[in-house]
Amino acid sequence: MPEDQRTIENRVRASWRVRACTAGLCTGAQVFLLGTGAAMPLALNGAWIASLCALPAAALVALCGRRACAAPRRDGPLSRALFLLLGATLLLCAVFALASLVNLAGETLLVQARAAWIAAYALAACALCACFGGAGVGRLCFSLRWMMPLLLGLAALTQREARIEGLFPLLGTGGRPLLAACACMLGASAPALLLMLPPPELREAGEAARACPVPGAGFFVVRVLAGAAVGVLLLFAASVCITYEAIEASGEWGVRLHIVADTQAHEGVTQTLLTVLELTATELLAAATLSAAEQAIVRALPAAGRHRAGLAALVLLLAAALSAMTVNGFVWALYAAPLLFAPALVLALCHGRLGDRAP
Amino acid sequence: MEDAVTLTPSLARNLAVLSARLHVPQNADVLIRRFQSGAFASAVVAIDGMVNSQRIDENILKPCMDLPRSAGADVAGAARAAFLMENAVSVIAAKRKDNVDEILSDVLGGQCALLCEGCAQAVVMDVRGYDKRTIGKPEVEHVVLGPHESFSESLRTNITLLRRIVQREELVTQFVSAGGKMKTRCALLYLRGTAQEAMVEKLRARIESCDYDFALTSGEVEQLIEDSPLSLIPSAIRTERPDRAASFLAEGQVVVLTEGSPAAIGAPATIFHHLHTSDDASMRWQYSTYLRVIRLIGMLIHVFLPGLSLAVLRFHQELLSPMLLTSVYETSSRVPIPVYLEALLMTLAFDLINEAGLRAPGAMGNALGIVSGLILGQSAVSADIVSPLLLIVVAASGLGGFCVPSYALSIGLKIVQLLFLTAGALGGLYAMSLLLIALLCAMCAMQSTGSPLCAPLTPPRRANRDFLLRLPMRYQKARAFFARRSKDD
């Protein structure tokens with residue numbers, strides 16, 4: 001094989017690796033957010049069991065994503081409609097992440113600040129990240145992919161007084177709430193949908209790069225599952241740390257996101273660091289899904305152009321987030337999140353119509 | 001008289017054209033010397049002070065004028081320049097040219113042109129002889145163990161310094177001109193077979209496409225070749241050290257030298273190049289790894305500490321012990337201005353002292369630093385204008401800034417520091433983490449001559465184990481990711 005061709009193939013493979021790790025990190029963050037937001041109130045300490053349902057779903061979406069990217073490019077009305085649906089789903093993921101970000105920050109780091117300001121900061125950061133394109137966010141997610149295991153390690157540090165009853169997830173809940181939580185957690189696989197879009201770097205790459213083979217299914221599935229598994233383990237850490245009483249009493253979403261620790265000075269530092277890491281993962285989830293949504297919308301509406309479509313996506317996001325905040329607070333996003341599984345299922349079933357390679 | 005594009009066989013006409021273009025006789029430092037060289041008349045054109053007069057006298061005028069009257073009588077007019085080159089002048093760097101613009105550019109650059117009657121060509125010879133600074137010690141990139149030579153303002157000397165280190169036949173030097181009207185000579189140096197040819201062509205095209213009137217310094221040339229003019233972080237690396245520039249060449253980078261600038265530019269560069277020093281290669285891997293960690297910590301303190309202190313004081317008081325918090329609030333309560341303004345003013349004052357110390361001549365700079373830092377700082381604390389905690393924070397942060405090996409990066413980080421200071425004051429750790437993500441996102445998206453700035457960390461690329469930490473030499477056999485692959489890779 002000529003040297004240049006080998007180099008191009010290696011670089012294309014590296015781009016796919018970045019993409020798969022981004023999808024993994026986003027899925028892990030979504031599992032944790034949805035677990036603490038929707039599954040935990042239903043199943044209490046059984047939330048992490050419910051979150052196991054997200055794993056096969058995420059693997060299925062990753063598999064379909066790989067096949068969609070390897071398929072020949074299609075530009076028919078159906079594929080455009082599917083890309084539009086993909087964009088909308090990812091946009092909803094971004095809104096959901098933003099909602100949880102604002103809630104978590106308001107309940108932990110900035111208790112005295114106004115929610116509008118917190119939301120404005122988050123939106124500004126998200127918009128900035130999206131302006132630099134999907135490549136920047138993806139690469140950042142890849143370089144920070146060890147952040148979630150670090151989060152896990154820090155969580156483990158605070159577990160000196162872990163409660164053994166947390167290991168028995170069905171205690172305190174019944175089978176029906178657990179099933180409901182499982183159904184909710186299926187939607188946590190939605191961020192893995194960004195694998196249905198090729199890495200942004202390949203959009204500007206030459207024909208030689210676009211013609212390079214897409215890595216095998218295992219390449220994607222392993223990375224997405226690794227990310228999702230960290231989310232499950234984080235939920236497990238929360239369940240063995242927080243008592244049932246504390247979970248039931250924590251009506252606010254942000255409080256549930258917060259892993260309880262002692263009040264010693266050094267524990268306070270660990271606690272703050274944990275919160276900052278959770279915020280960072282959530283912001284990355286929002287930025288990555290927003291950039292991917294923009295990419296999907298541009299693919300669905302090529303005439304709109306990259307910047308106009310990106311702008312439209314941002315305006316939509318802004319309007320949705322602000323109106324939701326003023327009317328209902330951010331909790332509506334929590335109820336909408338499980339429904340993400342429906343579009344994800346549609347897209348997974350129609351993956352053959354979502355080809356995105358050069359003809 | 002309209003400008004002629006090429007020379008004509010008439011010596012008088014050629015001299016008239018050159019005189020007109022050089023504004024002779026108003027222009028007093030243009031030397032035009034007519035003389036008889038064998039059977040035909042000739043003339044030398046040069047700029048006084050730019051050439052070595054002794055070399056012109058001995059190697060051009062004397063041999064030409066010593067030719068017998070019959071010499072060259074049977075030589076056709078068009079071949080007279082070649083005849084003189086082969087039989088009279090004894091200058092090694094000589095070539096024939098017929099384009100008036102090129103000849104004028106060479107003459108203005110310190111070369112001399114020999115024209116003869118009946119020939120539409122001139123012999124352009126390198127007899128440069130202007131005064132220049134000798135090779136000195138590096139002023140910015142100090143090292144403990146490495147070589148103590150730095151580039152000077154002479155392009156020729158700088159190329160020689162590099163060639164003395166890189167004694168390889170693959171080392172290629174290409175000359176290009178930057179700037180529209182006032183052309184600045186630049187040299188592109190690279191190792192053929194190691195650097196990507198496409199990269200060389202890209203850099204050459206960027207320098208040549210400059211349509212400004214002038215690009216005099218390497219700083220301006222650097223701005224011409226960088227991919228992201230709006231970014232706070234430089235996307236090319238500058239060095240004043242020939243040994244570092246030689247390491248760039250070995251890595252597969254292209255080195256750009258500029259006439260009149262004592263610095264070399266290496267491209268493409270990664271963010272990790274800005275954190276390395278020449279000393280890293282001169283010492284054992286354990287020591288350089290430790291020092292790199294220290295530098296990294298210094299850099300993090302420089303960027304984050306002022307913002308972090310403000311965030312803790314304003315939003316996250318739970319991170320401080322009650323005793324410390326009481327003490328901090330007690331001293332802060334006596335300061336009449338808000339804590340953000342206090343921190344901002346102190347940071348700016350630190351930069352003011354630093355800049356004044358840098359510009360003040362010689363020993364005065366050191367005295368200025370001591371007077372400003374000690375006396376003003378002490379007085380400000382005594383007068384309750386600033387709190388002691390913030391004084392410590394700003395001083396530690398400033399000290400961390402001096403750990404950044406790249407001067408250009410350190411200035412960029414000062415601006416980033418102010419951004420984090422503002423974010424910490426407005427939204428505590430939350431705003432700081434959001435700003436950090438946005439800035440990192442921008443940095444990850446940046447490119448340096450088409451190569452990702454944050455590679456090999458992200459996106460992943462093959463690399464030596466020598467980007468953030470430095471591992472033993474046996475792990476450093478691979479070429480950089482932007483170079484052509486070697487057989488060992």
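Scope of the values below: all heavy atoms of this structure, side chains included, with no hydrogens, waters or symmetry mates. Chain letters run A, B, ... following the sequence lines, proteins first and then strands; every chain starts at 1. As the structure is a computational prediction, the values presented were derived from the model and not from experiment.
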Could you tell me which portion of [X] (side chain, backbone, both or neither) has an atom closer than 4.5 angstrom to a non-hydrogen atom of chain B?
X	result
A/Arg11	both
A/Ala287	neither
A/Leu109	both

- Over 12 foreign heavy atoms within 6.0 Å of OH, B/Tyr475: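 For B/Tyr475, atom OH is not crowded (no more than 12 foreign heavy atoms under 6.0 Å).
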- Message: Rounded to the nearest 0.5 Å, what separates atom CG in B/Leu440 from atom CG in A/Leu284?
- Response: 9.0 Å
- Spatial distance of atom OG1 (A/Thr7) from atom CZ (B/Arg462) [nearest 0.5 Å]: 6.0 Å
- A/Phe142 vs B/Pro460 side-chain heavy atoms within contact, under 4.5 Å: yes
- Could you check if a side-chain atom of A/Glu283 sits within less than 4.5 angstrom of a side-chain atom of B/Ser433, using non-hydrogen atoms only? no
- Task: Dump the intermediate steps for side-chain contact (heavy atoms from CB on, under 4.5 Å) on A/Gln112 and B/Phe315, then the final yes or no.
- Result: CA-CA 9 Å; A/Gln112 69 273 47; B/Phe315 296 98; 4.0 Å; yes
- Item | Close contacts, residues 18-28 of chain A versus chain B, judged by heavy atoms under 4.5 Å | A/Val18
- Message: Strictly distance-based, threshold 3.5 Å: is any side-chain N or O of B/Tyr430 a donor or acceptor partner for the main-chain N or O of A/Ile118?
- Response: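 Present.
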For [X] and [Y], which heavy atoms make the closest approach, and how far apart are they?
X	Y	answer
A/Arg139	B/Cys444	NH1-O, 2.9 Å
A/Leu140	B/Thr458	N-OG1, 4.5 Å
A/Phe132	B/Ala445	O-CB, 3.6 Å
B/Glu318	A/Thr272	OE2-OG1, 4.2 Å

- Message: Please evaluate residues A/Cys129 and B/Ile437 with respect to the criterion side-chain contact (heavy atoms from CB on, under 4.5 Å), reporting the C-alpha separation (whole Å), side-chain torsions for both, the decisive distance (0.1 Å), and the verdict.
- Response: CA-CA 8 Å; A/Cys129 291; B/Ile437 290 173; 3.9 Å; yes
- Task: Kindly determine whether B/Leu434 and A/Leu101 satisfy side-chain contact (heavy atoms from CB on, under 4.5 Å), including the steps that lead there.
- Result: CA-CA 11 Å; B/Leu434 292 183; A/Leu101 181 74; 4.2 Å; yes
- Mind ranking A/Ser15, A/Gly138, A/Ala122, A/Ala124 by heavy-atom pairs under 4.5 Å with chain B and telling me who comes out on top?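 Ranked by contacts with chain B, first place is A/Ala122.
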- Between B/Ala423, B/Pro322, B/Gly427, the one whose heavy-atom pairs under 4.5 Å with chain A are most numerous: B/Gly427
- Please flag which part of B/Leu426 lies under 4.5 Å from any non-hydrogen atom of chain A: side chain, backbone, both or neither.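 When you check distances to chain A, atoms from both the backbone and side chain of B/Leu426 fall under 4.5 Å.
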